[in-house]
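Letters go in sequence order (proteins before strands), and every chain restarts at 1.
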Number of protein chains: 2
Amino acid sequence: MTAELQQLRDRFIEVGGQITQSIGLGRVLGQVFAHIYFSPTPQGLNDLTQALEISKGAASMAVRQLMHWGAVQQVWVKGERKDYYEALTDFGSIIRRALLDQIGQRMETADALLTEAERLVPSLQKKATSDAEAFMQERVHKLHAFRNRAQHIWDSSIIKLLLK
Amino acid sequence: MTAELQQLRDRFIEVGGQITQSIGLGRVLGQVFAHIYFSPTPQGLNDLTQALEISKGAASMAVRQLMHWGAVQQVWVKGERKDYYEALTDFGSIIRRALLDQIGQRMETADALLTEAERLVPSLQKKATSDAEAFMQERVHKLHAFRNRAQHIWDSSIIKLLLK
DNA sequence: CAATCCGTTCAATAGGATTTGAAAATAGGT
DNA sequence: ACCTATTTTCAAATCCTATTGAACGGATTG
């Protein structure tokens with residue numbers, strides 16, 4: 001491989017790390033995927049620790065996360081005891097799974113709170129509502145309306161990504 | 001305001017902080033917005049520092065960020081010198097602006113790299129390409145293809161959010 | 001079955017991001 | 001023009017998260 005190509009590859013690894021870092025997944029994850037993605041041969045943990053100068057633990061964790069999202073798969077290299085990995089390239093599926101995994105629970109947390117708020121707030125309508133209570137009602141209501149719209153947009157975007 | 005309502009409000013503030021925290025925007029941002037959103041009257045920096053127990057600096061920065069995304073607007077309270085803020089409720093627009101702002105540059109960075117890669121890689125086709133070079137070509141090509149599709153999905157999702 | 005090789009775990013640490021708070025800048029009032 | 005109230009800035013400190021690496025467990029080999 002020419003020095004030029006190697007340099008390009010390193011840049012991809014760097015940018016991959018920046019991207020995952022910036023979305024709160026840690027630098028290593030993106031770097032590991034980029035490294036494997038640009039490796040013509042399956043890569044073992046050793047290869048990762050050496051190429052990226054990270055610890056075995058970090059490599060192990062990153063690879064497991066990537067497997068969980070189907071970004072990487074284990075391959076069998078005959079005559080070798082080590083685990084080897086290669087990249088999968090259906091980015092749509094990968095991102096879809098990662099998004100569902102990452103954002104799913106947060107949506108549930110927010111949903112739970114909204115549901116509780118709805119349970120509490122409508123009961124106010126019966127009382128002679130103070131200004132403060134009426135205001136609270138309106139705010140919760142607006143939030144609820146947006147939640148429904150967001151849900152819809154979210155679902156249809158996810159489906160789009162899912163389809164080839 | 002009843003104790004129950006106050007408690008609910010605090011929970012929204014807490015969850016708001018968790019959400020912005022988890023997407024790498026810092027806890028304060030979400031808390032400040034939630035506080036203002038659930039305040040019937042315009043809020044000054046003092047109100048924020050007291051209610052959320054944060055420093056004046058943090059409050060100032062959070063408010064400015066929120067203004068930049070149109071999540072909050074300054075309002076004039078007559079007879080007061082302080083700046084007061086109230087929440088805007090067009091969440092679609094707010095999120096759209098925040099996304100464009102946050103993800104925009106990253107996309108550009110990645111784009112620049114891909115463009116450079118494309119510039120470098122096609123030139124390889126003329127040479128007698130080694131296996132390594134052919135492989136690199138294929139990988140860059142797949143990435144490029146995805147980029148185009150992602151661009152399309154991104155744009156149409158953004159437009160959906162934009163429209164009421 | 002002892003020795004070795006790998007992968008995983010997790011407490012400790014390093015590194016980085018967030019927050020503070022004092023100082024500087026700005027705007028308002030007299 | 002000065003004084004005061006308020007906001008903004010940014011270096012320093014704090015807090016938190018990602019990463020390390022030693023210890024463990026499981027699996028393979030001779």
Side-chain angles (χ1 to χ4, degrees), chain A residues 13-14 16-36 42-69 72-86 98 102 105-106, chain B residues 13-14 16-36 42-69 72-86 98 102 105-106:
Chain A
I13 291 171
E14 186 185 354
Q18 287 170 356
I19 290 172
T20 49
Q21 171 108 277
S22 74
I23 57 181
L25 299 176
R27 185 175 36 96
V28 169
L29 204 76
Q31 288 184 338
V32 166
F33 180 72
H35 173 83
I36 296 176
Q43 300 289 294
L45 290 190
N46 281 346
D47 301 316
L48 294 172
T49 59
Q50 285 172 6
L52 305 175
E53 294 182 38
I54 58 177
S55 70
K56 223 166 26 144
S60 173
M61 283 165 153
V63 160
R64 225 147 23 88
Q65 183 66 98
L66 289 172
M67 288 229 289
H68 184 233
W69 290 336
V72 132
Q73 72 183 341
Q74 211 167 337
V75 293
W76 212 68
V77 175
K78 90 173 177 185
E80 281 280 3
R81 296 217 264 150
K82 286 193 264 198
D83 296 341
Y84 285 88
Y85 304 91
E86 66 184 15
Q102 285 288 102
Q105 303 107 315
R106 302 199 208 302
Chain B
I13 290 170
E14 186 184 354
Q18 286 170 357
I19 289 173
T20 49
Q21 172 107 276
S22 74
I23 56 179
L25 298 176
R27 185 174 38 95
V28 169
L29 204 75
Q31 288 185 339
V32 167
F33 180 73
H35 173 84
I36 296 176
Q43 300 290 294
L45 290 189
N46 280 348
D47 301 316
L48 294 171
T49 60
Q50 285 171 5
L52 306 174
E53 293 182 40
I54 57 178
S55 70
K56 236 175 0 158
S60 172
M61 283 166 155
V63 161
R64 234 160 2 99
Q65 182 67 97
L66 289 171
M67 287 229 290
H68 182 234
W69 290 337
V72 132
Q73 73 184 341
Q74 210 167 337
V75 293
W76 213 68
V77 175
K78 92 174 176 184
E80 282 281 1
R81 288 169 58 175
K82 285 194 263 198
D83 296 341
Y84 284 88
Y85 304 92
E86 66 186 12
Q102 285 287 102
Q105 303 106 317
R106 304 199 206 302

If we only count heavy atoms from C-beta on, is the B:Leu52 to B:Ile13 side-chain gap below 4.5 Å? yes
Side chains of B:Ile36 and B:Leu48 in contact at under 4.5 Å (non-hydrogen atoms): yes
Set out, line by line, the N/O atom pairs under 3.5 Å between protein and nucleotides 26-30 of chain D.
| residue | atom | partner | partner atom | Å |
| --- | --- | --- | --- | --- |
| D:dT28 | O4' | A:Arg81 | NH1 | 3.3 |

Please report the distance, rounded to the nearest Å, between OH in B:Tyr85 and C1' in D:dT7. 8 Å
Distance check, rounded to the nearest 0.5 Å: B:Gln21 atom CD versus B:Glu14 atom CD? 11.5 Å
Working to the nearest 0.5 Å, report the span between CG of A:Leu45 and CD of A:Gln43. 10.5 Å
CD/B:Gln74 to CZ/B:Arg64 distance, rounded to the nearest 0.5 angstrom? 11.5 Å
Using five pairs at either end of the helix from C:dC1-D:dG30 to C:dT30-D:dA1, determine the angle between the two local helix axes and round it to 10 degrees. 20°
Do B:Phe33 and B:Gln65 have side chains that approach each other closer than 4.5 Å (heavy atoms only, starting at C-beta)? no
From CG (A:Leu29) to CD1 (A:Ile19), nearest 0.5 Å: 12.0 Å
Integer-rounded Å distance: C:dG28 P and B:Lys78 NZ: 18 Å
Any side-chain N or O of B:Arg64 under 4.0 Å from OP1/OP2 of D:dT7? no
Check the distance between D:dT7's C1' and B:Met67's CE and give it to me in whole angstrom. 11 Å
Taking for each residue the nucleotide of DNA chain C with the nearest heavy atom, is it A:Met61 or A:Glu80 whose nucleotide lies nearer the 5' end? A:Glu80
Quick one: is B:Arg27 getting a side-chain N or O under 4.0 Å of the C:dT19 phosphate, OP1 or OP2? yes
Distance, nearest 0.5 Å, that separates CD1 of B:Ile23 from CZ of A:Arg106: 8.5 Å
CD (A:Glu80) with more than 12 external heavy atoms under 6.0 Å: yes
Candidate nucleotides C:dT8, C:dA17, D:dT7, ranked by approach to the side chain of A:Gln21 - the nearest: C:dA17
B:Ser60 side-chain N/O to D:dT7 phosphate OP1/OP2 under 4.0 Å: no
Any residue in residues 49-57 of chain A with a heavy atom nearer than 4.0 angstrom to DNA chain D? Just list them by number, or reply none. A:Glu53, A:Ile54, A:Ser55, A:Gly57
Could you tell me whether A:Asp83 contacts a base, only the sugar-phosphate backbone, or nothing, with contacts defined as non-hydrogen atoms closer than 4.0 Å? sugar-phosphate
May I ask you to test the A:Val32-A:Val63 pair for a side-chain heavy-atom distance under 4.5 Å? yes
Taking the side chain as C-beta and beyond, is there a heavy-atom pair between B:Gln102 and B:Trp69 under 4.5 Å? yes
